[in-house]
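Remember, it's 1-based here, ligands and their atoms both numbered in the order they're listed.
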Amino acid sequence: QKNLRILTQDQIDLAKMLLHEGQSHLFANWAEQGVDDEKKTCFFNQVSRLNANYPGGLAAYIQKARQLLADSKAGKNPFEGFTPSVPSGEVLTFGDDNFIMFEEVGVKEARKAAFVLVAGGLGERLGYNGIKVALPSETTTGTCFLQNYIACILALQEASCKLLEDKYPVEIPFVIMTSDDTHTPTLKLLESNSFFGMKPGQVKLLKQEKVACLDDNDARIALDPNDKYMIQTKPHGHGDVHSLLYNSGLLNIWHDAGLRWVLFFQDTNGLLFKAIPASLGVSATKGYHVNSLAVPRKAKEAIGGITKLTHADGRTMVINVEYNQLDPLLRTTGHSDGDSNCETGYSPFPGNINQLILELGPYIEELNRTHGAIAEFVNPKYKDSSKASFKSSTRLECMMQDYPKTLPPTARVGFTVMDAWLAYAPVKNNPEDAAKVPKGNPYHSATSGEMAIYRANSLILRKAGVQIADPTTAVFNGQEVEVWPRITWKPKWALIFSDVKKKVNKGCSVSQRSTLVINGENIYFEGLSLDGALLINAVSEAEVQVTGSVENKGWAFKPIDYKDYSLPEENRIRGFVIEKLEQLEKNYSEPGQFSLQ
Ligand code: UGB
């Protein structure tokens, strides 16, 4: 009332809505009219943003929160009435005929795809100071995750158009969801690297907004402890990507342009694009509206489990059950061991790697109905067992993989299981937490993420007939890892297994201590024997035949202490640096045919 005269009609409406929703405490300590008036305007600007950014507005957010907080306090089981069982999906084996067939279908389909990277998370578990997409995926070439993703999309675009002999090349749209924490550095990273070769108009950044924090079970909105005119906010989760896409208008533009698929992926999986062509092929062949990528999962691993849920009333759905919910769900439904490994040494529930392929038409239909709203949850940290108050404020959260929860039973929801060595090596855990991971479970650290890239490339070449030496083991940052030859290639050299097979002939061998960097498109190997470091840089118009024997001191891993703050953080979190002792580096910058012997 004291401030009524300085408020606009919109602000009065927002204030009325807040009062109606039990939020009078927000105004309790406001100064008299004439004092702090600018701050009051800022307050309403923030309320207006929070109101506009939530489907149904802030009133809907508060009401939903009250309901979910009451359910949480009552200890209500979110899976009430559902029984979990192991679902069946498409299980692929790298390199067999089926896999090769799906890869070829996938590459053809790629020209009808749009890619969406969710990169709004700060990566609290990793504790890295920068944005995660700027981290090198491996330090042999220093290629950062974002650069790798863009190179893969561009290579897919080119390969897809070539396969169909398309005279009108397409530009695969690429969307990045950012947040206040990641937006500016992501844009800077792109701009300072000329968008890593992608046309700037091909990339769209959509920024997710945070949501209001809540102080108690009545969903009273939390104020910033240092500013009584500022509402505390926290991230709402990766599920925001659906409402952002819906509101952006991009989905209809894509649909009108003839696109058929939207592929969602996460910020730090250096292997992901090795799995994309085959899984897109599965989506197209099986006609899946939703296809989740999965890998065999170790019990207790911090990735969700793909689970079939059957309700007492007969309803069924195949959905991700998040890692912290799987164990309690199993225990309350008669599996006294909870989340545990079966005789295969893995959990029977495939692990969700949060790579989703959605068919665009049905996706648009569903979002027209839901406006992109995703099932939410709340996870308050209570002070004590009375659950009367929280240790710190909480908020509603949502996850992108919960999209299928609102789909009708007729929706075709499937999943594709790939070998973990091929598809999944995220960088999520800091060195200390990674070192505590139970033996045999993946570390999900910068160390393991890098080593996984060398292992995958080595195994792929082995499968193509190259003699690759066995790995050794080493310990970096307290984590024991396999060290394979450091082999890297650009996606335009080989996107799918048949590309690899065309470019390497039998009779090649690579020793364990070797480094091989293939930085070019038309580089062919026949009878190469490598024991050391070989780097080949070639423009696409140069065709290079590589034969003979290369031997030199090569590049070696030098362990470092992650607490040695004189070293760059990118290296410290891996626990090693690469010492470049000696290498053979060849550059082919002109068109023509060349031979490296
Ligand atoms: N992200 C956002 O873009 N915005 C946000 O508000 C939050 C995150 P995390 P999480 O693959 O190992 C997921 O934190 O959420 C982005 C799945 O839920 O890395 O703990 C963020 O930038 C889980 O089922 O993972 O767990 C990042 O790119 C399992 O699949 C992505 O969202 C697990 O990932 C994931 O955020 C996994």
message: Tell me if the centroids of the rings in Phe497 and Phe94 come within less than 6.0 Å of each other.
response: yes
- request: Determine if the distance from atom 14 (O) of ligand 1 to the closest protein heavy atom is below 4.0 Å.
  value: no
field: Flag for Glu366-Thr406: side-chain donor and acceptor within less than 3.5 Å
entry: yes
query: For atom 34 (O) of ligand 1, which protein heavy atom lies nearest, and how many Å away is it?
result: Lys428 NZ, 3.0 Å
- prompt: Which one of Ser179, Pro426, Gly237, Gly351 has a non-hydrogen atom at the shortest distance from atom 6 (O) of ligand 1?
  reply: Gly237
Ligand 1-proximal atoms of Met400, by part, heavy-atom distance under 4.0 Å: neither
query: Counting only heavy atoms, which portion of His444 has something under 4.0 Å from ligand 1: side chain, backbone, both, or neither?
result: neither
task: Please identify which atoms of ligand 1 are closer than 4.0 Å to at least one heavy atom of Gly120.
output: 2 (C), 3 (O), 4 (N), 22 (O)
- request: To the nearest 0.5 Å, tell me how far His242 NE2 sits from Ile374 CD1.
  value: 4.0 Å
message: I need the nearest protein heavy-atom contact for atom 29 (C) of ligand 1: residue, atom name and distance, please.
response: Asn352 O, 3.6 Å
- prompt: Considering only heavy atoms, does Met177 approach ligand 1 within less than 4.0 Å through its side chain, its backbone, both, or neither?
  reply: side chain
task: Output the list of atoms in ligand 1 that are nearer than 4.0 Å to some heavy atom of Asp267, sorted by atom number.
output: 21 (C), 22 (O), 27 (C), 28 (O)
- prompt: Rounded to the nearest 0.5 Å, how far apart are CG of Leu126 and CG of Asn430?
  reply: 7.0 Å
statement: of all protein heavy atoms, closest to atom 28 (O) of ligand 1 is Val118 O, 2.7 Å
field: Whether over 12 other heavy atoms sit under 6.0 Å from Lys308 NZ
entry: no
task: Pick, from His236, Glu301, Glu124, Glu322, the option with the minimum heavy-atom distance to atom 26 (O) of ligand 1.
output: Glu322
field: Proximal atoms of ligand 1 relative to Arg125 (non-hydrogen, under 4.0 Å)
entry: 10 (P), 20 (O), 25 (O)
- request: Classify the contact between Ile353 and ligand 1 as side chain, backbone, both or neither, using a heavy-atom distance cut-off of under 4.0 Å.
  value: backbone
task: For Gln208, take its heavy atoms, then give the atoms of ligand 1 lying under 4.0 Å from any of them.
output: 2 (C), 3 (O), 4 (N), 5 (C), 6 (O)
message: Once side-chain hydrogen bond (donor to acceptor under 3.5 Å, both in side chains) is applied, what residue pairs with a partner in residues 48-63 remain, sequence neighbours excluded?
response: Glu21-Gln63, Tyr54-Glu376
- request: Provide the number and element of each atom of ligand 1 under 4.0 Å from a heavy atom of Ala119.
  value: 3 (O), 22 (O)
task: Go through ligand 1 atom by atom and flag the ones less than 4.0 Å from a non-hydrogen atom of Pro235.
output: 6 (O)
- request: Any atoms of ligand 1 less than 4.0 Å from a non-hydrogen atom of Gly304? List them with their elements.
  value: 23 (C), 24 (O), 29 (C)
task: Could you check atom 20 (O) of ligand 1 against the protein and tell me its nearest heavy-atom contact, residue, atom and distance included?
output: Tyr323 OH, 2.8 Å
Proximity winner for atom 7 (C) of ligand 1, if only heavy atoms of His238, Lys132, Gln266 are counted: His238
message: Between Gln157 and Gln202, is there a side-chain donor-acceptor contact under 3.5 Å, judged purely by atom types and distance?
response: yes
task: Identify, for atom 1 (N) of ligand 1, the protein heavy atom at the shortest distance, and state residue, atom and that distance.
output: Gly121 N, 3.5 Å
- prompt: Cut-off 3.5 Å, side chains only: do Ser393 and Gln232 have a donor facing an acceptor?
  reply: yes
- request: Would you list the pairs meeting salt bridge (Lys or Arg N to Asp or Glu O under 4.0 Å) in which at least one residue belongs to residues 266-276, sequence neighbours left out?
  value: Lys132-Asp267
message: List ligand 1 atoms under 4.0 Å from Asn320, heavy atoms only on the residue side.
response: 24 (O)
Residue part near ligand 1, for Thr268, under 4.0 Å between non-hydrogen atoms: neither
- request: Flag yes if more than 12 heavy atoms outside Tyr346 fall under 6.0 Å of its OH atom; otherwise flag no.
  value: no
message: Using the ring centroid of each side chain, check whether Tyr403 and Tyr363 are separated by less than 6.0 Å.
response: yes
field: Shortest protein contact, atom 12 (O) of ligand 1 (heavy atom only)
entry: Tyr424 OH, 2.2 Å
- prompt: Going by the angle between their ring planes, with limits at 30° and 60°, are Phe265 and Tyr149 parallel, tilted or perpendicular?
  reply: perpendicular
message: Hydrogens and angles aside, do His444 and Glu301 bring a side-chain donor and acceptor to less than 3.5 Å of each other?
response: yes
- prompt: Using a distance-only test with no angle check, is there a side-chain donor-acceptor pair under 3.5 angstrom linking Glu138 and Thr141?
  reply: yes
